[in-house]
Enquirer: 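To start, I am sharing the structure in question, which I have written as C-alpha cells.
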Amino acid sequence: MKKTNRNTKVIATVMAAIMAVSAFGTASAISTSALSTDGTAQAHASQKTEAPKSTNKMNTLAKTYVFTCKGQTKQGYDWDYTANNNNIKVKCDYNFKTHTYKFSFTGKAKGSTQMNFKYRANDKTWVKVPMTFKVDAQKNIMRTK
C-alpha cells in the first residue's frame with residue numbers, strides 16, 4: 001500500500017502542475033485576446049472625435065458650413081435659394097457697415113442636397129452659386145461642390 005500512496009501523491013503533484021500551467025495559459029490567452037482589439041473599430045469607438053463647430057472649407061465635415069460674400073442693394077441685401085430637398089437650414093447675418101453676407105448652413109436630416117443659391121452683389125446683379133451638401137446621421141454637414 002505504501003507504493004500506491006506514493007504513486008498517488010506523484011500523480012496528484014503532476015496533475016496539479018498540469019492544471020497550473022493550463023490555467024496560466026488560459027489567462028494569457030484571455031489577456032492577449034483583450035489586448036488584440038487595439039486596431040479595431042470596437043476599440044476606437046470611444047475615441048471618436050466630434051466634427052468642428054464650423055468651417056468655410058469644401059469637403060470638410062462640421063456642425064455648420066459658413067459662406068461669406070459681399071454685396072449691397074438700395075435696401076441693403078437680398079438672397080434666395082432653391083433645393084431638391086429640405087434637409088438643410090440656411091441662416092443669413094448681414095453686416096450693414098461692411099456690406100458682408102455671412103450664410104450659415106446646418107444639417108436637419110441625413111441626406112444629400114443640391115442647391116441653387118444666389119445673392120445680390122448690387123441692385124442689378126444676382127450672383128449664382130451652385131452648392132451640393134451632404135449631411136450625416138449626426139447632422140454634420142459638408143459642402144462638396
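For reference, positions follow the sequence shown, starting with 1.
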Enquirer: What is the minimum heavy-atom distance between Leu61 and Ala51, and which atoms define it?
Expert: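 Looks like O-CB, 4.0 Å.
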Enquirer: To the nearest 0.5 Å, what is the distance between CE (Met142) and OG1 (Thr55)?
Expert: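 These two atoms lie 10.0 Å from each other.
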Enquirer: As an exercise, state the distance from NZ of Lys108 to CD1 of Ile141, rounded to the nearest 0.5 Å.
Expert: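 So the NZ of Lys108 and the CD1 of Ile141 are separated by 11.5 Å.
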Enquirer: Give the minimum heavy-atom separation between Met115 and Ile88, together with the two atoms involved.
Expert: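 Closest approach of Met115 to Ile88, heavy atoms only: CE-CG2, 4.2 Å.
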Enquirer: Decide yes or no on ring pair (Phe, Tyr, Trp, His ring centres under 6.0 Å) for Phe103 and Trp79, but give the supporting numbers first.
Expert: CA-CA 10 Å; Phe103 296 99; Trp79 63 280; 5.1 Å; yes
Enquirer: Looking at every heavy atom in both Thr60 and Lys57, which two are closest together, and how far apart are they?
Expert: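 Closest approach of Thr60 to Lys57: OG1-CB, 3.6 Å.
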Enquirer: Ignoring hydrogens, what is the shortest heavy-atom contact between Thr113 and Asn85? Give both atom names and the distance.
Expert: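 Minimum heavy-atom separation between Thr113 and Asn85: OG1-OD1, 2.8 Å.
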Enquirer: Could you tell me how the ring of Tyr101 sits relative to the ring of Tyr94: parallel (under 30°), tilted (30 to 60°) or perpendicular (over 60°)?
Expert: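 The rings of Tyr101 and Tyr94 stand perpendicular, inter-plane angle above 60°.
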Enquirer: Strictly below 4.0 Å, N to O, side chains only: are Asp93 and Lys102 in salt-bridge contact?
Expert: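 Not counted as a salt bridge, because no side-chain N and carboxylate O are separated by less than 4.0 Å.
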Enquirer: Strictly under 6.0 Å, is that where the ring centroids of Phe67 and Phe105 end up?
Expert: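 Here the rings of Phe105 and Phe67 have centres that are no less than 6.0 Å from each other.
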Enquirer: Rounded to the nearest 0.5 Å, what's the gap from NZ on Lys89 to OG1 on Thr64? Could you check?
Expert: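 Spacing of NZ (Lys89) from OG1 (Thr64) equals 10.0 Å.
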Enquirer: Using 0.5 Å steps for rounding, measure from the NZ atom of Lys139 to the NZ atom of Lys63.
Expert: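 The NZ atom of Lys139 sits 9.5 Å away from the NZ atom of Lys63.
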Enquirer: Tell me, do Arg143 and Met58 make a side-chain contact under 4.5 Å, heavy atoms counted?
Expert: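 Sidechains of Met58 and Arg143: in contact.
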Enquirer: Can you confirm whether Tyr119 sits close enough to Cys69 that some side-chain heavy atom of one is under 4.5 Å from a side-chain heavy atom of the other?
Expert: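 In short, these two side chains touch, coming nearer than 4.5 Å.
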Enquirer: Nearest 0.5 angstrom please: Gln72 CD to Thr98 OG1, how far?
Expert: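 Those atoms lie 10.0 Å apart.
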Enquirer: Answer whether the closest heavy-atom distance between the side chains of Asn140 and Val135 falls below 4.5 Å.
Expert: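 No - every pair of side-chain heavy atoms lies 4.5 Å or more apart.
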Enquirer: Can you tell me how far apart OH (Tyr65) and OG1 (Thr144) are? Round to the nearest 0.5 Å.
Expert: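 One gets 10.5 Å once the value is rounded to the nearest 0.5 Å.
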Enquirer: Where the side chain of Asn116 meets the backbone of Pro130, is there a donor-acceptor pair that is under 3.5 Å apart?
Expert: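 A pair under 3.5 Å: no.
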Enquirer: Does NZ in Lys110 sit with more than 12 non-hydrogen atoms of other residues, nucleotides or ligands closer than 6.0 Å?
Expert: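 Atom NZ in Lys110 is not packed in, count stays at 12 or less.
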Enquirer: If hydrophobic clusters are built from ILVMFWY residues whose side chains come within less than 4.5 Å, do Val127 and Met131 share one?
Expert: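 Shared cluster, yes.
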Enquirer: State, with a plain yes or no, whether a side-chain heavy atom of Asp80 is found less than 4.5 Å away from one of Phe117.
Expert: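 No, their side chains stay 4.5 Å or more apart.
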Enquirer: For Arg120 versus Asp123, what's the shortest heavy-atom pair and its separation?
Expert: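 That would be NH1-O, 2.8 Å.
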Enquirer: Quick check: closest heavy atoms across Thr132 and Ser112, and the distance to 0.1 Å?
Expert: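 Looking at all heavy atoms of both residues, the shortest contact is CG2-OG, 4.2 Å.
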